[in-house]
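Structure first, then comments.
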Amino acid sequence: MGKTFKKQGLQEFKARIGRVDSFYARHGFSKPIVSNRCERPVLWSIIGFAWIGFVISIAENRAYLEESLAQGALSAQHRDWILYALAALVVVSAIKLGFHAMRCLLRGREQRGVSGSLLVGALGAIVVTQIPADALHGGVEILGAGTQAILLAATDTAEKTIGVDTSTIAFVSRSITD
């Protein structure tokens with residue numbers, strides 16, 4: 001049994017187009033579909049965390065950076081340019097963070113893009129850098145001996161597998177070492 005095809009007239013064709021794409025039927029062109037949603041929110045949260053964590057460590061450790069650059073073989077002019085560039089990075093990052101906050105507050109859910117995820121990561125970095133060292137050590141002590149043993153075993157396994165001695169790791173940020 002064969003299929004039968006009915007020849008459509010112009011009115012039937014226009015009615016079918018109106019059912020499929022009513023905007024095209026009225027205006028003669030299709031409305032562009034703009035999707036500005038965040039496709040990978042976890043990735044952008046991690047990027048926001050790393051970005052703001054880096055900026056905070058630069059902002060908190062200016063004296064350390066000046067001393068470190070002074071020990072090198074750079075001239076004073078080049079050291080100044082590097083410090084100016086780092087200061088500009090901090091200022092531009094603060095402005096960009098403000099733009100993302102305004103974008104997140106003033107736009108609808110479909111038009112925010114990655115701003116919400118970046119702000120979540122940035123907030124996480126701000127919270128982590130502001131935790132006092134005593135609270136971190138107290139939190140590890142609260143975990144108990146069993147959990148500490150698991151963490152030590154994982155550290156030993158990582159040291160053997162990767163070859164990194166974690167006892168020589170030192171945090172440079174003032175908020176952690178104070």
Side-chain angles (χ1 to χ4, degrees), residues 1-62 65 80-132 135-136 139-140 142-143 147 150-151 154-155 157-158 161-162 164 166 169 171-176:
M1 182 170 189
K3 291 187 176 186
T4 59
F5 292 99
K6 177 185 168 197
K7 184 173 179 174
Q8 288 185 342
L10 183 60
Q11 292 297 349
E12 292 171 327
F13 179 74
K14 285 183 178 182
R16 185 172 181 195
I17 292 294
R19 287 190 305 268
V20 174
D21 189 358
S22 60
F23 189 87
Y24 180 83
R26 278 186 261 131
H27 301 290
F29 61 93
S30 291
K31 184 168 47 170
I33 299 171
V34 178
S35 178
N36 200 7
R37 294 192 73 175
C38 184
E39 303 268 330
R40 296 177 179 94
V42 175
L43 173 69
W44 285 105
S45 295
I46 292 169
I47 289 172
F49 183 88
W51 168 41
I52 297 301
F54 178 69
V55 169
I56 288 173
S57 68
I58 287 173
E60 286 183 347
N61 297 318
R62 180 184 170 100
L65 290 171
D80 289 341
W81 281 104
I82 290 172
L83 289 174
Y84 296 153
L86 291 175
L89 173 74
V90 171
V91 170
V92 168
S93 293
I95 291 170
K96 271 306 258 185
L97 195 61
F99 281 140
H100 281 292
M102 294 306 291
R103 184 178 181 191
C104 194
L105 290 174
L106 299 178
R107 290 199 175 174
R109 185 179 181 113
E110 292 291 325
Q111 298 299 319
R112 288 183 192 153
V114 298
S115 294
S117 300
L118 280 172
L119 289 174
V120 167
L123 183 64
I126 291 169
V127 167
V128 166
T129 57
Q130 298 306 316
I131 294 175
L136 286 175
V140 171
I142 288 175
L143 291 176
T147 309
I150 292 172
L151 289 174
T155 304
T157 305
T161 306
I162 301 172
V164 175
T166 57
I169 294 176
F171 293 105
V172 234
S173 181
R174 222 176 14 159
S175 64
I176 294 176

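For this chain, numbers begin at 1 and follow the sequence in order. Any value given below was found using the heavy atoms of this structure, including those in side chains, with hydrogens, waters and symmetry copies removed.
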Taking distance alone, no hydrogens or angles, what donor-acceptor pairs closer than 3.5 Å link side-chain atoms of residues 80-97 to residues at least two apart or in another chain?
residue : atom : partner : partner atom : Å
Ser93   : OG   : Trp51   : NE1          : 3.1
Ser93   : OG   : Leu89   : O            : 2.8

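- Atom CZ of Phe54 is surrounded by 12 or fewer heavy atoms from other residues, nucleotides or ligands within 6.0 Å.
- Atom OG1 of Thr129 sits about 7.0 Å away from atom CD1 of Ile126, to the nearest 0.5 Å.
- In this structure, Glu12 contributes its side chain and Gly9 its backbone to a donor-acceptor pair below 3.5 Å.
- When every heavy atom of Gly116 is checked against every heavy atom of Cys104, the shortest pair comes out as CA-SG, 4.0 Å.
- A donor-acceptor pair is defined here as one N or O able to donate and one able to accept, closer than 3.5 Å; no such pair exists between the side chain of Ser22 and the backbone of Gly18.
- The line from OH of Tyr24 to NE2 of His27 is 12.5 Å long, rounded to the nearest 0.5 Å.
- Listed here is the closest heavy atom pair of Trp44 and Cys38: CD1-SG, 3.7 Å.
- Put simply, CZ on Arg26 and CG on Asp21 are 9.0 Å apart, with the number rounded to the nearest 0.5 Å.
- In this structure, the side chain of Arg103 does not engage the main chain of Ser115 through any donor-acceptor pair within 3.5 Å.
- Interatomic distance, CD of Gln8 versus CZ of Arg16, reported as 5.5 Å (0.5 Å rounding).
- Applying the side-chain contact (heavy atoms from CB on, under 4.5 Å) rule to Leu105 yields no partners; only residues at least two apart in sequence or on another chain are considered.
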Distance-only donor-acceptor pairs under 3.5 Å for side chains of residues 117-124, two or more places apart:
none

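- Rounding to the nearest 0.5 Å places CD1 of Ile47 at 4.0 Å from CG of Leu43.
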